[in-house]
Amino acid sequence: MTFKRPDWRERISLEEIMTLSSQNLRDRASSAFKLIHETKLVLDNLDIKINERTATVVPLVLASMDTAEAIYTLLINHPEEYWVAGLIMQRTQMEYVLRAAYFAKAASHKELMRFRKKGKMPNRGKRAIYIAQVAEDASQHLGWDKDKLLKTVLNHQHELSGVVHGGKEILGIYTMHDTWGDLTIEWDELIHHVDNIMVFVQLALAVTMYISPLDPETMDKVVRPIYEKAHAYFGDQRSIEA
């Protein structure tokens with residue numbers, strides 16, 4: 001195995017070829033980036049009041065959306081070099097959203113204040129609450145489909161944990177070709193990650209809706225346009241797969 005960087009003439013040709021092969025991924029990430037930008041604009045219209053709980057939830061929501069935008073930016077511009085970093089950030093985005101959902105209602109005031117002061121999640125027994133338990137508690141209190149959310153979270157954990165923590169998955173990724181650091185894969189395989197990230201963007205929006213004081217009619221006017229765009233986004237993906 002060798003580590004060889006092509007000269008500039010070879011590199012231009014290589015980059016042109018790889019850009020073409022990753023175009024579907026880039027296009028999907030571009031669509032997702034536009035949607036998340038429009039989703040963030042909706043938050044300004046939810047009239048969320050500042051208190052201890054919202055001052056915990058909203059920063060986590062915004063951080064999750066910023067992280068999603070950063071991932072999409074990497075996949076739009078440099079997927080061949082940074083897709084692994086994007087997957088690592090995806091796990092972070094998911095945890096931000098789940099924590100926001102948990103502190104929106106499930107957490108007691110004592111648990112909330114402990115987190116705000118010490119940055120520590122609540123304990124379950126002698127250990128801090130696991131991410132799956134965070135998802136379960138949050139879904140129960142917010143009226144989400146618990147089984148569906150848990151399945152999604154556990155699948156994410158299984159798929160991303162080794163990459164996040166430097167497990168054997170990293171060794172496999174970085175040695176899958178004869179040249180050190182060649183991260184070329186079937187780029188369309190990453191499109192489902194783009195969509196999974198968008199699922200959690202929509203969950204983050206749902207969290208902010210829960211802490212908004214808007215009445216149902218006003219809420220509908222505020223969020224319906226972005227929900228219709230999200231529905232169209234996922235509908236486009238079903239068309240691609242068909």
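Scope of the values below: all heavy atoms of this structure, side chains included, with no hydrogens, waters or symmetry mates. In this text, all values refer to a predicted model and were calculated from it rather than measured experimentally.
Every residue two or more places apart in sequence or in another chain that forms a ring pair (Phe, Tyr, Trp, His ring centres under 6.0 Å) with F103 is listed here: F115. Every residue meeting the salt bridge (charged side-chain N to carboxylate O under 4.0 Å, His left out) condition with R124, not counting sequence neighbours, appears here in chain and number order: E111, D137.
Separation of atoms CG (D215) and CG (D220) is listed at 10.0 Å; rounding is to 0.5 Å. Residue R114 holds its CZ atom at 10.5 Å from OG of S108, rounded to the nearest 0.5 Å. One finds the CD atom of Q202 at 6.0 Å from the CE atom of M198 (value rounded to the nearest 0.5 Å). Rounded to the nearest 0.5 angstrom, L142 CG and L203 CG are separated by 9.5 Å. The CG atom of L205 sits 6.5 Å away from the OG1 atom of T39 when rounded to the nearest 0.5 Å. Expressed to the nearest 0.5 Å, how far CH2 of W83 lies from CG of L74 amounts to 13.0 Å.
Counting heavy atoms of neighbouring residues, nucleotides and ligands inside a 6.0 Å radius, atom OH of Y82 does not exceed 12 of them. Atom CG of L41 sits in a crowded spot, with more than 12 heavy atoms from other residues, nucleotides or ligands closer than 6.0 Å.
Here the shortest heavy-atom pairing between F200 and V97 reads O-CG2, 3.6 Å. Residues T184 and H177 share a closest heavy-atom pair of O-NE2, 2.7 Å. Nearest heavy atom pair, residue R53 against residue H109, reads NH2-N, 4.0 Å. Shown here for E81 and L183, the closest heavy-atom pair between the two residues is O-CD1, 3.5 Å. Here the closest heavy-atom approach between residue N45 and residue L214 is recorded as O-CD1, 3.5 Å. When all heavy atoms are compared, the tightest approach of A104 to Y210 is O-CE2, 3.7 Å.
The closest side-chain donor-acceptor pair between D27 and S30, if any, does not fall under 3.5 angstrom.
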Review point. Going through the distances and angles, do T152 and N155 end up as a side-chain hydrogen bond (donor to acceptor under 3.5 Å, both in side chains)?
Key: CA-CA 5 Å; T152 300; N155 285 342; 5.9 Å; no
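Y233 carries R28 over the face of its six-membered ring, with the cationic atom under 6.0 Å from the centre and within 45° of the normal.
Contact check for L46 versus V223: side-chain heavy atoms found under the 4.5 Å cut-off. With contacts defined as side-chain heavy-atom distances shorter than 4.5 Å, the pair T218/D47 does not qualify.
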